[in-house]
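Excluded from the calculations below are hydrogen atoms, water molecules and symmetry mates; all remaining heavy atoms, backbone and side chain alike, are included. In what follows, chains are A, B, ... by sequence order, proteins preceding strands, each numbered from 1.
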Amino acid sequence: VWVLVALLSGCKVILISDYDPETDQRVTALQDGVAQHLARLAQLATADRGQPKHPDCEYAQHADTYAGLAAEVHTLIVRNEARDKNELTVEQLKALADSLTSGVPALHQAAEGSCMTADTVATARALLDQNFRAILKLELAKKSYREEK
Amino acid sequence: MALNVRSLASAMLDAAKGKLGEHWPEVKDYATSEARKTAETLAMIERLALTGQINATQAKALLRMQRNSAQAVLLTVEGLGLLTVESAINAALKAVRDTVNSAVGFVLI
């Protein structure tokens with residue numbers, strides 16, 4: 001079927017969107033912002049079942065940061081929805097958005113004293129890193145597969 | 001009883017292999033690495049709950065994030081499979097381009 005499509009169109013078969021450097025850069029920048037936020041929370045984190053070290057660890061002190069991250073990931077989704085054959089990346093970004101807007105804030109808000117433990121922050125970071133890595137792995141593969149093969 | 005990271009990772013990989021079929025060799029390294037990390041994170045969530053570092057609401061939030069991350073990984077695996085198929089088709093077309101174009105007398109491919 002794809003060979004027929006290629007013959008009729010007279011060009012290469014394209015099954016998935018092209019590499020987008022803007023998305024690559026913006027996702028990397030967002031990952032950096034999240035990493036800095038979580039590093040700050042790790043510094044302020046409580047020990048196991050401990051009392052907050054500092055009032056700055058409380059959720060309310062970071063609500064603006066969460067709002068900023070939500071805005072950035074929303075911008076990325078809109079940009080990527082405008083790209084052809086890009087459903088996979090859009091769904092990845094929506095999964096990330098859910099974690100950034102519903103996952104981490106809920107984790108933070110529901111913590112005892114509204115402050116997370118260091119291990120809880122580390123677990124959240126591992127999960128978000130996996131999501132970011134998946135997005136970047138696919139975006140970079142769009143470039144490398146078409147350059148090398 | 002504590003979750004066994006190796007068993008969890010192995011179970012996830014076995015399930016993924018069946019779905020991936022012929023694309024498995026292209027995604028094996030990535031899928032293996034991420035299955036291991038997913039299993040480790042599940043074990044961390046269990047430990048946080050057992051040591052009282054998180055409550056039920058927080059455990060649900062972490063599992064929600066786990067689901068999102070796993071979805072992102074599977075979408076990458078799907079994308080790598082599509083890119084592999086795309087490369088194979090284009091390589092096949094490239095291999096016969098000159099022959100076909102010469103035969104028809106104009107640029108078809």
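- Proximity to chain A (any heavy atom under 4.5 Å) is shown, for B:Gln66, by both the backbone and the side chain.
- For the set B:Lys60, B:Glu40, B:Glu78, the entry with the most heavy-atom pairs within less than 4.5 Å of chain A is B:Glu78.
- For the options A:Ala122, A:Ala126, A:Ala111, heavy-atom pairs under 4.5 Å to chain B are most numerous at A:Ala111.
- Under the 4.5 Å side-chain criterion, counting only non-hydrogen atoms from C-beta, A:Leu100 is in contact with A:Leu128.
- Aromatic ring orientation, A:Tyr66 versus A:Tyr59: parallel (interplanar angle below 30°, classes split at 30° and 60°).
- Inspection of the A:Thr120 and A:Thr117 side chains reveals an N or O donor paired with an N or O acceptor under 3.5 Å.
- In this structure, A:Ser114 contributes its side chain and A:Ala110 its backbone to no donor-acceptor pair below 3.5 Å.
- Of the listed residues A:Ile16, A:Val104, A:Asp98, the one with more heavy-atom pairs under 4.5 angstrom with chain B than any other is A:Asp98.
- Heavy atoms closer than 4.5 Å to chain B are found in the backbone of A:Ile135, but not in its side chain.
- Without hydrogens or angle criteria, A:Asn80 side chain to A:Thr89 main chain gives no donor-acceptor distance under 3.5 Å.
- Only the side chain of B:Leu48 comes within contact range of chain A, with at least one heavy atom under 4.5 Å from a heavy atom of that chain.
- For B:Leu83, the parts sitting under 4.5 Å from any heavy atom of chain A are the backbone and the side chain alike.
- In the model, B:Thr41 has no side-chain atom that pairs as donor or acceptor with a side-chain atom of A:Gln130 under 3.5 Å.
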